*Asks:* 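Dumping the structure here so I can ask a few things about it.
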Amino acid sequence: MNEGLTREIRKIALQNAFEHDGKTQDKIILAKILGTKPEYRTKVKEIIGDISQIVSSVNQLSFDEQKKEIEENFSEILVPKEKIQEREGLPPLPNAEQGNVVTRFPPEPNGYPHIGHAKAAIINAEYAKMYGGKCILRIDDTNPEAERMEYHAAIKVGLDWLGIEFDSIKSTSDDMELFYEKAMELINSGKAYVCTCKRDDISKNRRERKNCKCSMSDIKQNNQGWKKMFEKYKPGEAIIRFRGDMKADNAVMRDPVLFRIIHEKHYTLGERYRVWPSYDFAVAIEDSNDGITHAFRSKEFELRKELIDTILDALNMRKPYQGFFSRLEFKGMPISKRILKPLIEEGKVSWYDDPRLPTLEALRRRGIKPQAIKKFVLSLGLTKANTLAPFDALEAFNRKFVDADSIRLFMVSKPKKLLVKGLPFLVVEIPNHPIKDMGKRKIEIDDRILISGEDAESVGENSQIRLLGLGNVMITKVGEQLEGEFVKDGNVLDIPKIQWVPEKNSHEIKILIPKQLFIEEEFNEDSLEELEVYTEPYYLKLKEGEEIQFVRFGYCRKDSQNQAIFTHK
Ligand SMILES: [Zn+2]
C-alpha cells in the first residue's frame, strides 16, 4: 500500500478518535476513506487489513498522545473547524436602515411548534437585532376551526425555551374591526364582491379562468350581501372575494377569498365573530398596519407576494419588503401535521415530545440546546433551496455545547460480574469531566464490579485490563463470572481501558435511542431502541434535564430517575 494512503488513514483515524473520546472503529474509517477516495471501492480487501492495524494502534494511544500526534503531523485537522464556527450571520437586508427595521414572526396556533418555526423565529429576531430594530410576535389566530389554546401555549413555551425575545406581542384577531373596515373599503370601491357560488363551481371557474355571475353585482348588492354574512348566511354559503384577474397565470390572483363564515368557537374570543379574514388578507393588512418593514415567509408562499402587494395597492396602504426562505426539515423527520398526527393517534409515537420528532419539545427532551439550534439556523442562512438537512448537521453544533458541560459517567450494558481480589481501597474519587473542573464524585466499591458483556467477551485469561479510574486488574478467570486480581502500579499502555460500575449500588436505567422516524417515506418500526443499562448511583443525584456523557457511548439527557434519552454520539 502506498505511503500517501497510509498517512491519510492514520490522519482520519486520529481525527475520528480525537472527536470520540479517543476511540475509533475500522468500519467508520473504511467508510470515510471510501467516501473521499472512491477508487478504493473495488479494493476494500486490499486496504481493510491496514485500516484495522492503524485503527488498533491509534486506539491504544492515550487521548493526549493522539492530540500530540495530530498537532505534530496533521495540524490541518485542527484549523478548518475554527473557520466553520466563525461563518455565521445573515446576509444584509435590502432597503434596511439602521434603527428602522421591523420584522415579525406570525405562527398560527394550529399545532406544536417545530424546527421550521424555530428557523422563522430566529431569522426574524436576528434581523431585528442586526439592525437595532424591533421584532413582533404576532399569533396568527383567525381560523378558529384549526386553532387551540393548547397550541398557543406550546408556541409560547417553545419560544421561551429558544430564548427569543420580542419587542411586542399581539394576536391577529386583535384587529378584527380593522379587517372589517378594510373589507368595506374594498367593497365600496368595487374591488371586492360577495360570491354565493358552490365550492365546486368556484374551483371549476378558477380552472377555466371564468368569472361567475356574482362578480357582476353592484356595490349596493355587495353591501347587502356583506351584511347578510353576519346574520343570515350559513358557513359555505357566501364568501368575500377580491377582484383580482380570473385570466391571470398566477392562480392565486384568480379572485381569491378574503373572508369566510366560520361557526367554530374561537379559543379566546368565543362566538364574538363569525366572519373571518383569509390568511392572505390578514397578513397583508397586519404587516402594513404594524409597520413591518421586512416580512419573511417560507418559500411556498412566494406566489402570494403578488396578491399581498395588489391588496395593499387597492387600499393605498404601505407595502413592506417581502422575503422568502426555504422550509427547514430534517431527513426522515417530517414536520407536517398531516403525517405526525396519525402517528400519535395510532400510538406509533407516544406524544409530541417523543424524541424522534422535530418538535421543539422533542428536541429539548432529546438534549438539543437552544443555542445550537440558533447557530445551526444561522449557518444555513437565507438559502432558498429546499433541501432536507441531515440531523447530524444539528448534532455537530449541539456537541460543542453539551461537551463542555456534560458530566462523564460510567455505564454498562448486558453486565458481567467481575470479582476483584486485593482491592486496596473501598472508595474511589473520579473527576466528573476530563478537562473542565466540574468536581469529583466518590464511588463506593467492594470486590464485586460489573463490566459490559461486550468488554467481558474481549478479555482473555492472564491478561490485564484497566478499570478506568480504579486501576489495573489481572484477569484470572473468564466465563459467566470473571475473576481477577488487583495489580499495583500497573502499566497503562496497550491494555483495554474499560468502564465499570460497582454491583452493590449500581442503578438500572433505560436509555431511549431515537433513530430516523421515516426511511424512504415509510414509518421506521425500529425507530426507537430501548437499552437497559446499569450506571453509577451518582446518576440519582443529577437534576432532570442534565446532560451526561456515558463514557464510550455518547451524550444522553436525564429524562427521569429511571430513564435517559440518547442525544447523539
Ligand atoms: Zn360566485
Side-chain angles (χ1 to χ4, degrees), residues 108 110 140-147 172-173 175-266 271-288 300-317:
E108 186 183 358
N110 64 352
D140 198 21
D141 62 341
T142 52
N143 180 10
E145 272 176 323
E147 297 156 2
T172 301
S173 65
D175 290 322
M176 289 298 283
E177 303 302 330
L178 175 68
F179 300 139
Y180 291 162
E181 206 179 284
K182 297 293 174 188
M184 289 295 297
E185 207 178 315
L186 288 175
I187 289 171
N188 287 329
S189 60
K191 288 167 186 158
Y193 61 91
V194 178
C195 173
T196 53
C197 293
K198 292 211 162 59
R199 192 185 284 255
D200 291 348
D201 293 333
I202 293 174
S203 308
K204 188 164 169 273
N205 283 337
R206 280 222 173 93
R207 276 197 306 277
E208 294 171 0
R209 306 191 186 198
K210 281 198 292 213
N211 282 302
C212 70
K213 58 175 190 328
C214 322
S215 72
M216 312 302 282
S217 323
D218 60 23
I219 291 174
K220 196 179 158 205
Q221 288 167 315
N222 282 322
N223 266 294
Q224 286 166 348
W226 170 245
K227 239 179 153 183
K228 276 170 45 188
M229 283 181 71
F230 291 82
E231 293 150 10
K232 184 171 160 270
Y233 287 130
K234 295 191 180 74
E237 283 183 353
I239 54 174
I240 299 290
R241 294 176 72 176
F242 182 67
R243 205 180 294 282
D245 177 6
M246 288 304 282
K247 302 267 183 291
D249 287 333
N250 180 359
V252 170
M253 297 305 292
R254 295 178 204 156
D255 292 15
V257 184
L258 298 184
F259 284 88
R260 68 260 194 254
I261 302 167
I262 299 174
H263 257 175
E264 243 82 7
K265 263 193 192 171
H266 186 275
E271 287 168 334
R272 192 185 311 171
Y273 299 103
R274 76 191 300 253
V275 178
W276 292 92
S278 66
Y279 166 79
D280 295 312
F281 189 68
V283 85
I285 304 298
E286 289 288 272
D287 283 349
S288 183
E300 62 267 31
F301 292 102
E302 212 163 359
L303 285 174
R304 314 195 90 84
K305 176 182 186 299
E306 185 185 355
L307 173 60
I308 286 170
D309 284 343
T310 311
I311 290 173
L312 292 175
D313 279 340
L315 288 163
N316 283 318
M317 290 175 76

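Because only heavy atoms are used, hydrogens play no part in the values below, and waters and symmetry mates are left out as well, while side chains stay in. All of these numbers come straight from a predicted model, not from anything done at the bench. Every number for a ligand or one of its atoms is a count from 1 in the order of the listing.
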*Asks:* Can you count the protein N/O/S atoms lying under 2.8 Å from the Zn ion (ligand 1), leaving waters out?
*Replies:*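 Count of protein N, O, S atoms less than 2.8 Å from the Zn ion (ligand 1): 4.
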*Asks:* Only one of C197, C212, P256 passes side chain to side chain contact (heavy atoms under 4.5 Å, CB included) with R241; say which it is.
*Replies:*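 Only match with R241 under side chain to side chain contact (heavy atoms under 4.5 Å, CB included): C212.
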*Asks:* Applying side-chain hydrogen bond (donor to acceptor under 3.5 Å, both in side chains), which residue pairs with at least one partner in residues 199-212 are found, sequence neighbours left out?
*Replies:*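 Those involving residues 199-212 are E208-K210, R209-D249.
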*Asks:* For residues A284 and I311, report the shortest heavy-atom separation together with the two atoms involved.
*Replies:*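 Taking every non-hydrogen atom into account, CB-CG2, 4.3 Å.
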*Asks:* Can you tell which of D140, T142, N143 makes a side chain to side chain donor-acceptor pair (under 3.5 Å) with T172?
*Replies:*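 With T172 as partner, D140, T142, N143 yield a single side chain to side chain donor-acceptor pair (under 3.5 Å), made by D140.
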*Asks:* What about F179 and Y273, are their ring centers closer than 6.0 Å?
*Replies:*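 Ring centroids of F179 and Y273 are no less than 6.0 Å from each other.
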*Asks:* Looking at CG of D218 and CD of Q224, how far apart are the two atoms once the value is rounded to the nearest 0.5 Å?
*Replies:*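 Answer rounded to 0.5 Å: 8.0 Å.
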